[in-house]
Number of protein chains: 2
Amino acid sequence: MLHEQAFFNVLSDETRRRLLALILREGELCVCELFYALEASQPKVSRHLAVMREAGLLSVRREGTWVFYRLDARLPQWAADILGLMAQGGARVPLFQRDAQRLAVMPERPMTCCR
Amino acid sequence: MLHEQAFFNVLSDETRRRLLALILREGELCVCELFYALEASQPKVSRHLAVMREAGLLSVRREGTWVFYRLDARLPQWAADILGLMAQGGARVPLFQRDAQRLAVMPERPMTCCR
DNA sequence: CAACTATATGCATATCCATATATATACCAT
DNA sequence: ATGGTATATATATGGATATGCATATAGTTG
């Protein structure tokens, strides 16, 4: 379940906003794709994902050694709407696009054949 | 002008969300009304208002000794939309209503005659 | 000028939080 | 079992920030 204080805490960090924007755009991504796209360290990304999972924003699916994150389907409408506005509005869109572009050129992405 | 990092920083604090919800509801409020409604100290509220003013969310109008705060008219649409969703969605609405109720019973509010 | 009110700010402190590094866990293959 | 890959976590640390208390500023009135 979503905790409102935790929800807005999540949005206050730029790394988490970048991760959310990517996941929103792609639907589902694994940790390796996320920290590759952001050019960040694996522990850093993993920790931020844990924060968002515990806050109720993300849900997890394990497939072999890979762990895939997506938006939690139980997210209230108002929260999902805020995430959409966050990802599409304002001056930070270029940064998000840069992340998406880097993800697009990532070699050996998992599951790319089946999606 | 609005700084995006500062914008989401603003939303991560519950006191600031309460202040924003009240201002959104009433249009314009002075500092004394705000810290009365929230039952918070005057320096605390003044500090938070300064943060929001410097972030580009609020604009200020002075009238005698009173200082009135309102939403900055230059706020981008996506930011205003997020504020609206924040103020109306979810489990924190009762808290906001409590603040509004307390404001409604405040004695000797400034300018109540002309609004 | 002085006194009063409303608001802002300086300072000290405590707490939270993001990050780096290192290490642990989980899963798969051989 | 061993080795390899993907992910999570433990610990330490520096930095940001919310808050209380005291004080300063700005405006009004006498």
Side-chain angles (χ1 to χ4, degrees), chain A residues 3-20 22-23 28-55 57-70 103 106-112, chain B residues 3-20 22-23 28-55 57-70 103 106-112:
Chain A
H3 302 91
E4 75 202 36
Q5 176 58 55
F7 173 75
F8 288 107
N9 248 337
V10 161
L11 293 185
S12 71
D13 184 272
E14 175 163 83
T15 300
R16 290 194 288 259
R17 292 199 300 276
R18 290 169 69 189
L19 293 171
L20 283 171
L22 259 190
I23 291 173
E28 190 182 57
L29 289 171
C30 83
V31 181
C32 61
E33 293 173 307
L34 289 166
F35 80 78
Y36 180 92
L38 268 68
E39 301 184 278
S41 75
Q42 178 269 322
K44 174 176 174 175
V45 168
S46 182
R47 181 155 285 275
H48 283 300
L49 291 170
V51 169
M52 294 192 278
R53 171 170 36 85
E54 289 157 16
L57 276 82
L58 298 181
S59 60
V60 191
R61 180 178 67 90
R62 176 142 223 158
E63 187 158 335
T65 60
W66 291 307
V67 175
F68 291 88
Y69 284 85
R70 62 164 62 225
L103 174 64
M106 174 179 178
E108 303 182 22
R109 291 177 59 185
M111 317 295 300
T112 37
Chain B
H3 304 91
E4 76 203 36
Q5 176 57 54
F7 174 76
F8 288 107
N9 249 338
V10 161
L11 293 185
S12 71
D13 184 272
E14 176 163 82
T15 300
R16 289 194 288 259
R17 291 198 301 275
R18 291 168 69 189
L19 293 170
L20 283 171
L22 260 189
I23 291 172
E28 188 182 58
L29 289 170
C30 81
V31 181
C32 61
E33 292 172 307
L34 289 165
F35 81 78
Y36 180 93
L38 268 65
E39 301 183 277
S41 74
Q42 178 269 322
K44 175 176 173 176
V45 169
S46 183
R47 271 248 178 259
H48 284 299
L49 292 170
V51 169
M52 294 192 279
R53 172 169 35 85
E54 288 157 16
L57 276 83
L58 298 180
S59 60
V60 192
R61 180 177 66 92
R62 178 142 220 158
E63 187 157 336
T65 60
W66 292 308
V67 175
F68 292 88
Y69 284 85
R70 62 165 62 228
L103 175 64
M106 174 180 178
E108 304 183 20
R109 290 175 60 185
M111 317 292 302
T112 38

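Residue numbering restarts at 1 for every chain, and letters A, B, ... go by the order of the sequence lines. Bear in mind that the values here come from a model prediction, so they are computed numbers and not experimental data.
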### Query
Roughly, in whole Å, what's the span from CE in M52(A) to P in dA18(C)?
11 Å
### Query
With a 3.5 Å cut-off and just heavy-atom distances, do the side chain of R47(B) and the base of dG20(D) make a donor-acceptor pair?
no
### Message
Return whichever of R53(A) or W66(A) has its heavy-atom-nearest nucleotide of DNA chain D closer to the 5' end.
### Response
W66(A)
### Query
Does the side chain of L20(A) reach to within under 4.5 Å of the side chain of V10(A), using non-hydrogen atoms?
yes
### Query
Pick the nucleotide of DNA chain C nearest each of P43(A) and N9(A); which residue has the one closer to the 5' end?
N9(A)
### Query
Reckon S41(B) has a side-chain N or O less than 4.0 Å from the OP1 or OP2 of dG20(D)?
yes
### Message
Taking the nucleotide of DNA chain C with the nearest heavy atom to each, does E63(A) or D13(A) sit closer to the 5' end?
### Response
D13(A)
### Query
Whole Å only: how far is the CZ atom of R16(A) from the C1' atom of dT19(C)?
12 Å
### Message
With a 4.0 Å cutoff (strictly under), does any side-chain N or O of S46(A) reach OP1 or OP2 of dA8(D)?
### Response
yes
### Message
Tell me whether the side-chain N or O atoms of Q42(A) pair up with the base of dA8(D) as donor and acceptor below 3.5 Å, since no angle test is needed here.
### Response
yes
#### Entry: Close side-chain approach of Y69(A) and R53(A), heavy atoms under 4.5 Å
yes
## Note on the structure
From the candidates dA8(D), dT19(C), dG27(D), the one with an atom nearest any side-chain atom of H48(A) is dT19(C)
